[in-house]
Protein chains: 4
Amino acid sequence: MSNTQIEPSVDRRAQILDAAMICFAKRGFHQASMHDISAEAGISVGLIYRYFENKEDVISAMADRHKKQIHDLLERARQAPTLLESLEILFTAHCCENAPQIQSAFVVDLYAEASRNPRLANLVRDILETAMQGVTDLIARSPEAQHAPQNLTPRQLAELIFAVSRGMLMRDILETERDPTERRERQLRVVRRLWRLLFKPETEPAYA
Amino acid sequence: MSNTQIEPSVDRRAQILDAAMICFAKRGFHQASMHDISAEAGISVGLIYRYFENKEDVISAMADRHKKQIHDLLERARQAPTLLESLEILFTAHCCENAPQIQSAFVVDLYAEASRNPRLANLVRDILETAMQGVTDLIARSPEAQHAPQNLTPRQLAELIFAVSRGMLMRDILETERDPTERRERQLRVVRRLWRLLFKPETEPAYA
Amino acid sequence: MSNTQIEPSVDRRAQILDAAMICFAKRGFHQASMHDISAEAGISVGLIYRYFENKEDVISAMADRHKKQIHDLLERARQAPTLLESLEILFTAHCCENAPQIQSAFVVDLYAEASRNPRLANLVRDILETAMQGVTDLIARSPEAQHAPQNLTPRQLAELIFAVSRGMLMRDILETERDPTERRERQLRVVRRLWRLLFKPETEPAYA
Amino acid sequence: MSNTQIEPSVDRRAQILDAAMICFAKRGFHQASMHDISAEAGISVGLIYRYFENKEDVISAMADRHKKQIHDLLERARQAPTLLESLEILFTAHCCENAPQIQSAFVVDLYAEASRNPRLANLVRDILETAMQGVTDLIARSPEAQHAPQNLTPRQLAELIFAVSRGMLMRDILETERDPTERRERQLRVVRRLWRLLFKPETEPAYA
DNA sequence: AATGAATGAGGCTTCATTCAT
DNA sequence: CATGAATGAAGCCTCATTCAT
C-alpha cells in the first residue's frame with residue numbers, strides 16, 4: 001500500500017519507453033514491431049500491454065515524456081543570466097543526454113507521424129507552442145532584444161530560432177558518418193552567429 | 001505498335017509516382033500499401049511491378065524525381081537578377097505545384113526514412129548537397145553577400161538559409177487547419193527579413 | 001467482362017462458407033480459427049479476406065446463406081398438398097443435406113452468438129420470423145387447422161411447432177453416439193403425433 | 001483460524017461461479033476471459049486457480065451446480081398436488097432466480113459447448129436424463145396422463161414437454177428488447193394449453 | 001490465502017509480391 | 001501490356017496460466 005507499489009509500474013513504463021525510443025529511432029514508428037520493443041526492453045510482448053493500451057499509446061506516451069523534458073529544459077534555460085546563454089542551454093540539450101542522432105530521427109518521425117495522426121499532432125503542437133512561448137517571453141524580457149533588427153517581433157524571432165534549430169536537426173539525419181560532437185560544434189558556430197546577429201547587431205564585424 | 005508506345009513506360013512511371021506521392025503524403029511510406037498506390041493510379045497492383053522492382057524502388061524513384069525537380073528549380077533561381085529574388089524563387093516553389101502541405105509531409109517522411117535507409121540517405125544527401133552548393137555559389141557570386149555579417153561564409157549562409165527553410169517546412173505539418181497560402185505568406189515575411197538581415201545589413205533599421 | 005468473372009468469387013465464397021460451416025460446427029465460432037477454415041477450404045488464410053471483411057462477416061454470410069436455404073425450403077413446403085406433409089418437409093430437411101448433427105451444432109452456436117451480437121441477432125430473428133410467418137400462413141389456410149384445440153391461434157400453433165423443432169435440435173447435440181437416422185426417426189414419430197394432436201384431434205385413438 | 005474458515009472454499013467457489021455465470025452469459029464461454037471473471041467476482045485472477053484447475057473446470061463446475069439446482073427443482077415439483085402444477089413449477093423456475101435471459105444464453109452456450117466437449121456433453125446429458133426421468137415418473141404416476149392422446153408414452157410426453165421448453169428458451173435469446181416477464185407470460189399461456197391438451201384431452205373446447 | 005506481474009503461444013488481419021491468364 | 005487472385009510471412013494484440021511475493 002506504500003507508493004512502492006506504484007513506482008515499479010512507473011519504472012516499467014520508463015523502461016519500455018526507453019526501449020521504444022531506441023527502436024523507433026532505429027526503425028521508425030511503424031517499422032519497429034512490438035516484439036522489437038519488448039526484446040529491447042528485455043521483457044515479453046504481452047507485458048507492454050499492461051502498461052500501454054496499444055502501440056499508438058506508446059508513441060503518445062513518448063511524446064508526453066518528450067514534452068516534460070522540454071518543459072524542464074525550458075525551466076533551466078529561464079535561469080540563465082543572459083538571453084544568449086538561455087538559447088545555448090536550449091539548443092545544446094539533445095546532443096548530450098541520450099544518443100546523439102537518435103533524438104533527431106525520433107523527432108523527425110514524430111513530425112512525420114503527426115502529419116497523419118491528429119491526436120499526436122495536437123500533442124506536438126502543444127509541446128512546440130509551450131516551448132515557443134517560453135522563448136518568446138525570454139526574448140521579450142531580455143534587454144538585448146529591445147532593438148531587434150528588421151523590426152522582428154519577439155514571437156517572430158522565436159519562430160526563426162526554432163526553425164533553424166529544427167532545420168539543423170533534420171540535417172543531422174543525413175550526417176551519420178561524421179563525429180556527432182564535431183558536427184554539433186560546427187552547427188553551434190553558425191547558430192551562435194545568427195543569435196548574435198539577431199540580438200547584438202552592433203557586435204557583428206570582423207572580430208567575431 | 002505505333003511509336004507513341006515507344007516510351008509509355010515513362011508516362012506510366014510518372015503516373016505511378018504521382019499516385020505514390022499522394023499516398024505517401026497521406027499515409028507515409030510504410031502505411032501506404034501498394035494497393036493504395038495502384039488504386040490511386042487507377043491501375044492494377046501487378047502493373048506497378050512492371051515499372052518498379054519493389055516498394056523501396058518506388059520511394060527511391062520518387063526521391064530521384066524530387067532531385068530533378070530541385071535541379072530545375074535551381075536553374076530557374078540562378079537566372080534571377082538578384083540574390084534575394086533567387087531565394088524567393090527557391091523557397092516559394094513547393095507551395096504552388098501540388099497541394100501545399102502534401103510536399104511537407106513527403107519531405108519530412110523522406111528524411112525520416114533516410115535515417116534508416118542508407119541508400120535513400122545518400123540520395124537525399126546528394127539532393128541537398130547539389131542544392132546547397134548551388135545556393136552557396138549564388139551567394140558567393142552575389143555582390144550583396146560580400147560583406148556578410150558575423151563573418152559568415154557563403155556556405156554557412158547557405159546552411160542557415162536551408163535550415164530555416166527545412167524548419168518551417170516541419171512547422172507546416174502542425175498547421176493543418178489554417179489557410180495554407182496565408183501561412184506561407186506569414187512565413188515568407190519572416191524569412192525575407194532574415195535574408196535582408198544577412199545580405200543587406202545596412203537596411204535594417206526602423207524603416208524596414 | 002462476361003459474368004464468368006463474377007461467378008468464381010461466388011464459388012469461392014461458397015467454398016469458404018462450406019469450409020467454415022464444417023469448422024464452426026466442429027469447434028464453434030470462436031474456437032475455429034481463420035487458419036482452420038482456410039485449411040479446410042484448401043486455400044491460404046489471406047484469401048479469405050478477399051471475400052469476407054473479417055471473421056464476423058463470414059458468420060453473417062453463413063447466416064445469410066442459411067436464410068436463403070430456409071426460404072427455399074419454405075417454398076417447397078408450401079407446395080405440399082396437406083399441412084402435415086408441409087410440416088414433414090420442413091422438419092426433415094436438415095437431416096439430409098449435410099452432415100446430420102453438424103447443422104444442429106451450427107444452429108445452436110448461431111443462437112448462442114446471437115445472444116451477444118445484435119447484428120447477428122437481427123439476422124436470426126429475421127430468418128425465424130420469415131419461417132414462422134410462412135408456417136403461420138400455411139396453418140391459417142389449412143382446413144385441418146380450422147378447429148385447433150385449446151383455441152390456439154395459427155401463430156401460437158406455429159410457435160409451438162417451431163419450439164418443439166428447436167428443442168429437438170438441441171437434443172441432437174447430446175446424442176452423438178447413436179445412429180442419426182434412427183434418432184431422427186424416433187423424433188419424427190413423436191412430433192408427428194403432436195402435429196396430429198394439434199390438427200386432427202379426432203383421429204387420436206389406439207389405431208395411431 | 002476460526003472454524004468459520006473451515007469451508008471458505010465453498011463460498012469462494014460459489015462466488016466465483018456466480019461471477020462466471022454472469023460473464024459466460026454476457027460473453028459466452030470462450031469470449032469471457034478469466035480476468036473478466038475475477039473482476040466480476042472482485043478477486044484476483046490467480047485466486048481462481050486455487051479453486052479451479054482451469055477454465056474448463058469452471059465450466060464443468062457450473063454445469064455441476066446447474067445439475068444440483070435442477071435436482072432441487074425436481075424435488076419441489078414432485079411435491080405439487082397435480083401434474084400440471086408440477087410442470088408449472090419446473091418451467092417457471094429459471095425466470096425468477098437470476099436475470100431472465102441470462103439463464104437462456106448460458107444454457108444455449110452450454111449445449112453449444114457440449115457439442116465439442118465430450119466431458120461436458122456427458123454432464124449435460126446426465127442432467128437432462130435425470131430431469132427427464134423425473135418428469136417421466138411424474139407423468140407415469142399421474143392419473144391425468146393415463147389416457148394420453150396419440151398413445152404417447154410417458155417418456156415421449158416428457159420428451160415433448162422438454163423439447164418445447166428448450167425451444168422456447170432458445171427463442172428467448174432473440175427477444176432481448178421486450179419485457180421479459182411479459183414474454184414469459186405469453187410463452188406460458190401457450191405451453192399451458194399444450195399441457196392441457198396432452199393431459200386433459202376432454203377440456204379442450206371453447207371454454208378453455 | 002491472495003495478489004497481479006509476467007509469460008508466450010496463438011488468433012485475426014494486412015500486405016508486398018508473384019503468376020496464371 | 002495488364003489484371004487481380006493467390007500466397008504466406010509478419011504484425012498487433014489477447015489471454016490462459018504460472019509464480020514470486
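Here is how names work: the chains are called A, B, and so on, in the same order as the sequence lines, proteins then strands, and each is numbered from 1.
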*For D/Arg119 and D/Asn122, test the side chains for any donor-to-acceptor distance below 3.5 angstrom and give the result as yes or no.*
no

*At their closest point, which heavy atom of B/Ala63 faces which heavy atom of B/Ile127, and how far apart are they?*
O-CD1, 3.4 Å

*So do the side chains of C/Gln31 and C/Lys26 get within less than 4.5 Å of each other, counting heavy atoms only?*
no

*Both distances under 3.5 Å, Watson-Crick or G-U wobble: report the partner of E/dT21, or none.*
F/dA2

_Selection from E/dA2, F/dA2, E/dA6 that lies nearest to any side-chain heavy atom of D/Ser44_ = E/dA2

*asked:* Between P on E/dT7 and CD1 on A/Ile37, what's the gap in Å once rounded to a whole number?
replied: 15 Å

*Watson-Crick or G-U wobble partner of E/dG11, both distances under 3.5 Å*: F/dC12

*asked:* Please report the distance, rounded to the nearest Å, between CZ in C/Phe52 and C1' in E/dC12.
replied: 16 Å

*Taking atom types as modelled, find out whether B/Asp36 and B/Ser33 have a side-chain donor-acceptor pair closer than 3.5 angstrom.*
yes

_As a test of reading the structure: which of F/dA2, E/dA6, E/dT3 is closest to the side chain of A/Arg12, going by heavy atoms?_
E/dA6

_Rounded interatomic separation in angstrom, taking CG from C/Asp11 and P from F/dA5_ = 13 Å

*Send over the distance from A/Ile48 CD1 to E/dA9 P, rounded to a whole Å.*
16 Å

*Who are the salt bridge (charged side-chain N to carboxylate O under 4.0 Å, His left out) partners of D/Lys67, not counting sequence neighbours?*
D/Asp126

*Heavy-atom closest pair, residues B/Leu17 and B/Met62*: O-SD, 3.6 Å

_Gap between atoms CZ and C1', on A/Arg50 and F/dC13 respectively (whole Å)_ = 15 Å

_For atom CZ of D/Phe24 and atom P of F/dC15, their distance in whole Å_ = 13 Å

_Close side-chain approach of C/Arg12 to C/Arg50, heavy-atom, < 4.5 Å_ = no

*Between E/dA1, E/dA6, E/dT3, which one does the side chain of D/Ile43 approach most closely?*
E/dT3

_With a 3.5 Å limit on both atom pairs, tell me what E/dA1 is paired to, counting Watson-Crick and G-U wobble, or say none._
none

*What is the distance, rounded to the nearest whole Å, between atom CG of A/Asp57 and atom P of F/dC12?*
14 Å

*Heavy atoms under 4.0 Å is the rule here; annotate nucleotides 15-21 of chain E 5' to 3' with B where the base is hit, S where only the sugar-phosphate is, and - elsewhere.*
-SBB---

*Using Watson-Crick or G-U wobble geometry with both distances below 3.5 Å, tell me the partner of E/dA16, or none.*
F/dT7

_C/Asp36 CG to E/dT13 C1', straight-line distance once rounded to whole Å_ = 16 Å

